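Remarks on the structure that follows.
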Amino acid sequence: MKYTDDLIRELITCEKHIVDSSGNLKEENGYLRRNLSLLSVDRDYEFFVFIRMNISFQENFSIGLEFNPREERGRVCLVRYNGPHGPNRQYPHHESCHIHRATEETISENRKPDSNIVETQLYSTFNDALNVFIRDINISVEDRKKHFPPIDTQGNLFSI
Amino acid sequence: MNEVIEHIRLLFNDKARIQEKRPGIFQLMLPIFHEDGDMIDIFVQSNGPGDILISDFGMTIMRLSYHYDIDTQNKENILQRILSENYAYEENGHIKFHSSLETIYTDLIHMAQVYAKVGSMRYFKREVIESLFYEILEEFIQKNLQQFNPRIKVTPIAERKELEVDFEFRPNGYPVYLYGIKDVTKARLVTISCLEFMRSHLTFKSYVVHENFDALSKKDRALLTNACDKQFTSLDDFKEHAMQFFERERH
């Protein structure tokens with residue numbers, strides 16, 4: 001499969017249904033975790049979502065979308081929303097929330113697909129990041145309500 | 001602890017930034033990065049007189065879990081072996097090491113390596129290991145079947161470069177074409193290739209070595225069975241019986 005930037009964008013933004021969820025965040029080895037399996041609405045693409053948050057440092061979190069190609073083994077991490085856990089190679093002097101995003105270049109050059117990093121101000125906490133993530137990867141509204149009910153009292157963040 | 005922090009700062013020649021993340025817990029911003037560009041997470045805290053605790057606060061195993069879980073006893077054994085061979089230990093997911101003011105520089109470098117090693121366990125993923133299938137198959141052939149004159153990557157129909165055979169053997173007058181198959185894409189390509197060779201009236205025999213025969217669908221197995229002459233259902237099966245079958249081809 002040739003991963004062009006257009007295909008990567010399509011994979012990230014196509015509407016998706018949740019077909020399996022490990023339930024609420026569960027504690028394991030010093031972090032909270034939740035996994036979900038997703039399918040594009042047209043059933044052409046399979047995905048996997050992982051949600052992780054460190055218990056000692058709750059700003060250390062990562063919420064990622066992986067593509068599971070049917071004709072190849074293994075998954076490709078398309079996008080990962082991180083907290084301000086520390087500096088990184090692209091921004092060695094900042095500690096900000098950042099998004100790892102696969103690009104045609106990182107994949108074709110056999111680098112880690114999600115090694116491209118962009119700082120973001122779209123979110124500042126884990127809950128915000130989760131809301132932005134499930135909106136950006138286009139989980140169907142029905143599944144957002146079912147699997148990610150609003151948890152704060154500031155209104156429904158999933159409303160369109 | 002201030003003395004320790006100043007000492008570390010001095011040892012790293014001001015190349016390390018140090019930030020107090022929680023009271024008494026300091027994160028070291030060393031220019032050592034994971035493959036995805038994130039910095040390796042290293043924290044230090046005082047653990048009593050002369051004892052400095054280096055820890056990742058669970059970040060290494062959490063990062064690993066994005067792509068790879070320590071969910072079997074074998075994986076746990078590998079993790080524990082990496083840690084014990086490097087004088088580190090794990091406590092509720094936190095990978096720790098006890099250091100001192102005298103050894104803190106080398107210990108921090110050492111632990112950065114340990115965290116990277118544990119992170120590298122993701123290379124043990126099944127699909128990565130399985131990708132060694134073709135390599136192992138070739139190694140076995142080159143080592144054990146030389147007497148049958150193996151040739152690698154042969155194109156039986158010169159103008160059809162896409163119909164490439166993995167290995168050609170000449171145990172007798174006619175060629176034996178051998179393919180390694182580890183997924184459905186390759187299985188279908190082999191089926192098409194064998195049928196095309198037949199359509200072109202080539203004289204040959206076709207052997208197939210499966211990485212995992214059961215992983216193919218019933219339809220794919222049926223198509224392949226109808227197109228090729230002999231299938232080895234696993235690499236172990238091939239290793240055990242290849243010689244016997246090639247000997248039979250000699251006569």
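Just so it is clear: chains get the letters A, B, ... in the order the sequence lines come, proteins before strands, and each one is counted from 1. Given the structure is predicted, the values throughout are model-derived calculations rather than measurements.
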Show the numbers, then the answer: is there a side chain to side chain contact (heavy atoms under 4.5 Å, CB included) between A:His85 and B:Met39? CA-CA 9 Å; A:His85 57 80; B:Met39 201 169 261; 6.0 Å; no

Carefully, step by step, assess A:Asn54 and B:Arg63 under the rule side chain to side chain contact (heavy atoms under 4.5 Å, CB included). CA-CA 10 Å; A:Asn54 188 278; B:Arg63 288 181 64 86; over 6 Å; no

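Residues of residues 109-118 of chain A that come closer than 4.5 Å to chain B, counting heavy atoms only, are A:Lys112, A:Asp114, A:Ser115, A:Ile117, ordered by residue number.
Put simply, the side chain of B:Ile70 does not reach to within 4.5 Å of the side chain of A:Glu28, judged on heavy atoms. Side-chain atoms of A:Asn60 and B:Met59, non-hydrogen and from C-beta on, do get closer than 4.5 Å to each other. Using a 4.5 Å heavy-atom threshold, the side chains of A:Cys77 and B:Tyr66 count as separate. Side-chain contact between B:Ser65 and A:Tyr31 is present, with at least one heavy-atom pair separated by less than 4.5 Å.
In terms of heavy atoms, B:Met62 sits closest to A:Met53 at SD-C, 3.7 Å.
Rounded to the nearest 0.5 angstrom, B:Asp38 CG and A:Ser62 OG are separated by 7.5 Å.
In this view, B:Tyr89 and B:Leu53, B:Glu91, B:Lys96, B:His98 satisfy the side-chain contact (heavy atoms from CB on, under 4.5 Å) rule, not counting sequence neighbours.
With a 4.5 angstrom heavy-atom cutoff, B:Gln27 touches chain A only via side-chain atoms. For B:Ile25, the part lying near chain A is the side chain, with the backbone staying farther off; criterion is any non-hydrogen pair under 4.5 Å.
Under the 30°/60° scheme for interplanar angles, the aromatic rings of B:Phe43 and A:Phe57 are found to lie parallel.
B:His94 and A:Asn29 share no side-chain donor-acceptor pair at under 3.5 Å.
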